[in-house]
Amino acid sequence: MVRGPGVLLLPLLAGLGAAVSGLPENLRVEGINTIYLLKWDWDYQKNPNVTFSVTKAYSLGSTWSIPEGCENITASECNVSGIDVLYRYKFLVSVYNSKTDEHNSSIATFSPLEDTVIGPPTNLTLTLQNNDLHITVMHPEAFHNSVLRQNCPWMYHLESWKTSTPTEVNAMQNIGMHFKIDAVEASTTYCARAYTKCSGGNRTGLYSKIYCITTAPRSYIKEWIIGSVFVAIIVISAILYICLCPLKRYLRHIFFPKSKLPSSIEKGLQDSPRNYIKNLFLLHEEEKTDRCYIMQNSPVDAETTMDKNSSEAKGRDSGNYSNEDDVTAATQ
Ligand SMILES: *[C@@H]1O[C@H](CO)[C@@H](O)[C@H](O)[C@H]1NC(C)=O
Ligand SMILES: *[C@@H]1O[C@H](CO)[C@@H](O)[C@H](O)[C@H]1NC(C)=O
Ligand SMILES: *[C@@H]1O[C@H](CO)[C@@H](O)[C@H](O)[C@H]1NC(C)=O
Ligand SMILES: *[C@@H]1O[C@H](CO)[C@@H](O)[C@H](O)[C@H]1NC(C)=O
Ligand SMILES: *[C@@H]1O[C@H](CO)[C@@H](O)[C@H](O)[C@H]1NC(C)=O
Ligand SMILES: *[C@@H]1O[C@H](CO)[C@@H](O)[C@H](O)[C@H]1NC(C)=O
């Protein structure tokens, strides 16, 4: 809010006798990356017909000059991106009312190195490798200017989260541009954003856009292969077993013929073919009973072994074929 410097050199500030009622207020430089916009507020309703002119000086005693495109303008802003980030600047905005031929002016200082806002990282690349999520942060535009880049030990602050749980934010800081999130979940969308941060102090850049990636559904290929191998082994084993068993039995039958049949079966065999067949289908325990029972009609039943005699006798005594014989015989 100084009105002095205009007196020094600028012809456009000559004739400072009458002042415009009102000042360019809230004079400021919005410096993001290497774009610098000088802005101010003006009450156009109160003073509609005015023009502005901007002059700048970068150090005490240096000459004032007019940034390109900043003379006799009606807009309340001016692009001063041509400044050198190494210097500390003074900007003077003068307002001129041609009707009344009045001047007034405001002044502001700006130090690009300290006051520049570091813009957002220009890009984040998210790639999946071996179940890990790799995130590479691209420099902000500001770092194309080596002075700004080296002005501070910059680092990156990365925030990532799953869209399923957006409040659980995982924050990481790294001097390099590369981040890694281990063992990501399948079929999950991961999102990330980042900003730069001066490790020395509390200065931070702007947040990048949010970048997301969705992981692939879980792959069961390994399990499928292992499972298939197991199933194949089992199936092959079963087939071999089924095919080889009859063969084995056949071979055994050829090379090791069965020893003598049980005596009872042999007996039956002698008796009649019908009995023999019947005997074949009986268990050993039952054999005795049935044989005894059937042999009642047989003329050779007298030759049966001793242990069968009692039951046979009983059977003969009863004179019929009741099951009593069976029961009795079974109890023997
Ligand atoms: C500039 O405007 C302000 C506010 O209207 C006023 O107080 C001041 O006197 C003016 N400056 C000059 C040099 O006239
Ligand atoms: C603004 O000034 C121009 C001349 O400089 C004049 O032609 C115009 O009528 C003025 N407008 C108003 C609203 O005073
Ligand atoms: C701005 O206005 C001043 C005085 O009215 C004039 O001398 C100068 O040439 C003008 N500049 C431009 C770029 O119009
Ligand atoms: C300001 O000027 C720079 C170059 O000097 C240009 O790259 C940028 O786009 C301009 N910005 C605006 C808002 O006009
Ligand atoms: C960001 O990076 C990716 C991968 O390198 C690229 O495909 C994409 O076009 C980039 N986006 C921008 C806005 O530069
Ligand atoms: C940053 O730290 C400085 C002192 O180191 C302090 O004056 C300033 O208010 C802090 N700014 C923020 C945004 O915390």
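Just so you know, these numbers come straight off a predicted model, no measurement behind them. Just so you know, ligand 1 is whichever comes first in the structure, and atom 1 is the first atom listed for that ligand. For the numbers below, each heavy atom of this structure counts, side chains included, while hydrogens, waters and symmetry mates do not.
Regarding atom 9 (O) of ligand 5, its nearest protein heavy-atom neighbour is Asn123 ND2, 4.6 Å. Of all protein heavy atoms, the one closest to atom 13 (C) of ligand 4 is Leu37 CD2, 3.8 Å.
Shown in contact with Thr125 at under 4.0 Å from a heavy atom are these atoms of ligand 5, numbered in order with element: 2 (O), 3 (C), 4 (C), 5 (O). Per-residue contacts place Ser81 under 4.0 angstrom from the following atoms of ligand 4 (heavy atoms of the residue considered): 1 (C), 2 (O), 3 (C), 5 (O). Proximity to Ile35 (heavy-atom distance under 4.0 Å) selects the following atoms of ligand 4: 7 (O), 8 (C).
Looking at Glu25 and Asp43, their side chains never come closer than 4.5 Å, going by heavy atoms from C-beta outward.
With respect to Asp115 and Arg88, no salt bridge is recorded, no charged nitrogen being found less than 4.0 Å from a carboxylate O.
Ring pair Phe110/Tyr36: centre-to-centre distance below 6.0 Å.
Asn130 contributes no side-chain N or O that, together with a main-chain N or O of Asp132, makes up a donor-acceptor pair within less than 3.5 Å.
Minimum heavy-atom separation, Leu113 to Asn151: O-ND2, 2.9 Å.
No hydrogens or angles considered: nothing links the side chains of Tyr96 and Asn104 as a donor-acceptor pair under 3.5 Å.
Considering backbone and side-chain atoms alike, Asn72 places an N or O below 3.5 Å from some N or O of ligand 3.
For atom 3 (C) of ligand 4, the candidate residues are Val80, Asn79, Ile83; the nearest heavy-atom contact is made by Asn79.
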